[in-house]
Amino acid sequence: MDHSSLKSFAEVFADEDFQKYFDMEILESTDELLRIKFHHCPLVAGWQAVGCSDEEVAKLCDIAMDGDRNIAKACGLDFALGETIAEGGSCCELTFRLKT
C-alpha cells in the first residue's frame with residue numbers, strides 16, 4: 001500500500017464487490033481519511049438466520065471486526081468503529097485515518 005495516501009487503501013478495501021455486498025456508502029475519502037457506512041451486513045444477517053442471540057451476534061461481530069482492526073494496523077492506519085448493526089444501529093460506521 002502507498003502509505004502516503006488512504007486513496008489506494010480505499011480502492012482495495014471498498015472495491016465494487018464489497019460496496020455491493022455490504023451496501024457501503026463512502027462518506028469521505030481523502031489522502032488522510034476514509035469514512036464508510038455499511039448499510040447491510042451479510043455476517044449479521046447470517047448469524048441471525050441461524051438463531052444466534054443478540055449477545056452472540058454482538059460478540060461474533062466484535063471478533064469479525066478484529067480483521068478490520070488488524071488490516072488497519074498492518075497498513076499503519078488508525079481505526080475507529082462507530083455504531084454497528086450488530087448492536088442495533090442502523091448501519092456500521094468505520095473510520096480509517098492515516099497516522100501522522
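Because only heavy atoms are used, hydrogens play no part in the values below, and waters and symmetry mates are left out as well, while side chains stay in. Please read these numbers as outputs of a predicted model, since none were measured by experiment.
- A donor-acceptor contact shorter than 3.5 Å is absent between the side chain of Q19 and the backbone of M24.
- Within the 4.5 Å cutoff, the side chain of T95 has heavy atoms near those of the L33 side chain.
- Nearest heavy atom pair, residue E83 against residue G89, reads OE1-CA, 2.9 Å.
- Here the CG-NZ distance, from L77 to K99, works out to 8.0 Å after rounding to the nearest 0.5 Å.
- For the pair D31/K7, a side-chain contact is recorded, criterion being any heavy-atom separation below 4.5 Å from C-beta on.
- Across L6 and T30, no two heavy atoms sit closer than the pair CB-O, 3.5 Å.
- Within the structure, ring-ring contact (aromatic ring centres under 6.0 Å, His included) pairs that include any residue of residues 34-73 comprise F22-F38 (at least two apart or interchain).
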| field | Step-by-step side-chain contact (heavy atoms from CB on, under 4.5 Å) determination, F79 to L81 | value | CA-CA 7 Å; F79 173 81; L81 179 63; 4.0 Å; yes
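- You'll find the side chain of I36 stays beyond 4.5 Å of the side chain of E93, heavy atoms only.
- Interatomic distance, S90 OG to I85 CD1, rounded to the nearest 0.5 Å: 8.0 Å.
- Tracing side-chain contacts under 4.5 Å through hydrophobic residues (I, L, V, M, F, W, Y), one never reaches L94 starting from L43; they form parts of separate clusters.
- Ring geometry, F13 versus F9: the interplanar angle falls under 30°, so the pair is classed parallel (tilted spans 30 to 60°).
- In terms of heavy-atom proximity, A58 sits nearest to E87 at CB-CG, 4.2 Å.
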Check residues 59-69 and write down every donor-acceptor pair under 3.5 Å in which the side-chain atom is one partner and the other belongs to a residue at least two apart or another chain.
residue : atom : partner : partner atom : Å
D62     : OD1  : R69     : NH2          : 2.8
D66     : OD1  : R69     : NH1          : 2.7
R69     : NH1  : D62     : O            : 3.1

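- Ionic pairing of R35 and E28 is present here: one or more N-O contacts between side-chain nitrogen and carboxylate oxygen are shorter than 4.0 angstrom.
- The two atoms that bring I26 and A14 nearest to each other are CD1-CB, 3.8 Å, heavy atoms only.
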